[in-house]
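To start, the structure under review is shown below, and the notes come after it.
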Amino acid sequence: RAAPHVPTVEAEAVDGRLHRPVVFAAGGMDGPRALTPHDADGAVVALSRALQQEARVAAAGQTLGSQAQWHDARVSVAAEVASTYYALAHCWKVHALAEQDLVSRQRSRDISARSLQAGMLAPAAYAQVQAEVAQSQLRLIQQSSQCDLHTKALVALTGEDEALVRSVMRALVLPDD
């Protein structure tokens, strides 16, 4: 049995491969014994290896986590591009309808002007037709502004030239033009 003043060392580390505790203690079945330099070196080397293995496992976990976050970001951007594309496509279709509405209301105004000159239409009715044309023009301007915002958003998301985005989208959305 060792003297009461003999130093002892106990350390615990986790073995990265086996995932179980490994205990380093000076002594053996007979109890504590004097720590030799060889015992201390072996314990330090084993502890160092276990810590290095844990560091490698942690680094691999961080790498996988970063890759997952990058993948999530790419999916998020792709979803935003798709959403903006469909919003722009819808916007341009509504814009085309607003243009058709304006043309129709302008034709009605022209016919109403002739009817007014012929005395077949009251001035109040003609004023109503003119007001409808003005409202149609306003709706078209508002729709144009909305489509411009969606176009600029798609340009920002894709990094493409605005003229290219406009021409490609127009060809895809309004192929009859």
Exercise. Apply side-chain contact (heavy atoms from CB on, under 4.5 Å) to the pair T151 and R166, showing each step before the final yes or no.
Key: CA-CA 7 Å; T151 301; R166 285 184 185 277; 3.7 Å; yes

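- Of the possible donor and acceptor atoms, one in the side chain of S144 sits under 3.5 Å from a partner among the backbone N and O of L140.
- We find the OG-NE2 distance between S76 and H71 to be 11.0 Å, quoted to the nearest 0.5 Å.
- With S136 as the partner, the side-chain contact (heavy atoms from CB on, under 4.5 Å) test is satisfied by one option alone out of V103, D101, I141: D101.
- A donor-acceptor pair shorter than 3.5 Å cannot be found between the side chains of R49 and Q52.
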Quiz prompt | Full working for side-chain hydrogen bond (donor to acceptor under 3.5 Å, both in side chains) between R56 and Q53 | solution = CA-CA 5 Å; R56 282 192 292 275; Q53 177 62 27; 3.0 Å; yes

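- Atom OG of S83 sits about 11.0 Å away from atom CG of L88, to the nearest 0.5 Å.
- Smallest separation of non-hydrogen atoms from R105 and V133: O-CG2, 3.3 Å.
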Quiz item: What do the steps show when you test V165 against K152 for side-chain contact (heavy atoms from CB on, under 4.5 Å), and what is the final call?
Solution: CA-CA 9 Å; V165 168; K152 291 187 185 308; over 6 Å; no

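- Linking Ile, Leu, Val, Met, Phe, Trp and Tyr residues whenever their side-chain heavy atoms come within less than 4.5 Å leaves Y126 and I111 in two separate clusters.
- Linking Ile, Leu, Val, Met, Phe, Trp and Tyr whenever their side-chain heavy atoms come within less than 4.5 Å leaves L149 and V94 in two separate clusters.
- Annotation: side chain of E99 is in contact with side chain of H95 (closest heavy-atom distance under 4.5 Å).
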Quiz item: Would W92 and L97 count as a side-chain contact (heavy atoms from CB on, under 4.5 Å) if you check the C-alpha gap in whole Å, the side-chain angles of each, and the deciding distance to 0.1 Å?
Solution: CA-CA 9 Å; W92 279 2; L97 291 174; over 6 Å; no

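- Remark: side-chain polar atoms of T63 are paired, donor with acceptor, to backbone N or O of A59 under 3.5 angstrom.
- Scanning both residues, A125 and L121, for their nearest heavy atoms gives CB-CD1, 3.5 Å.
- With values rounded to the nearest 0.5 angstrom, E132 atom CD is found 7.0 Å from Q135 atom CD.
- Taking CG from L64 and CD from Q69, the interatomic distance works out to 11.5 Å, rounded to the nearest 0.5 Å.
- The backbone N or O of L102 sits nowhere less than 3.5 Å from a side-chain atom of Q137 that would complete a donor-acceptor pair.
- V129 and L138 fall into different hydrophobic clusters, where Ile, Leu, Val, Met, Phe, Trp and Tyr are joined by side-chain heavy atoms under 4.5 Å apart, directly or via other members.
- A donor-acceptor pair under 3.5 Å links the side-chain atoms of S66 to the main chain of Q62, judged by distance alone.
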Exercise. I would like to know whether T84 and H150 meet side-chain hydrogen bond (donor to acceptor under 3.5 Å, both in side chains); could you show each step before the answer?
Key: CA-CA 6 Å; T84 304; H150 288 304; 6.0 Å; no

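- Here the CZ atom belonging to R109 is positioned 9.5 Å from the OG atom belonging to S112, to the nearest 0.5 angstrom.
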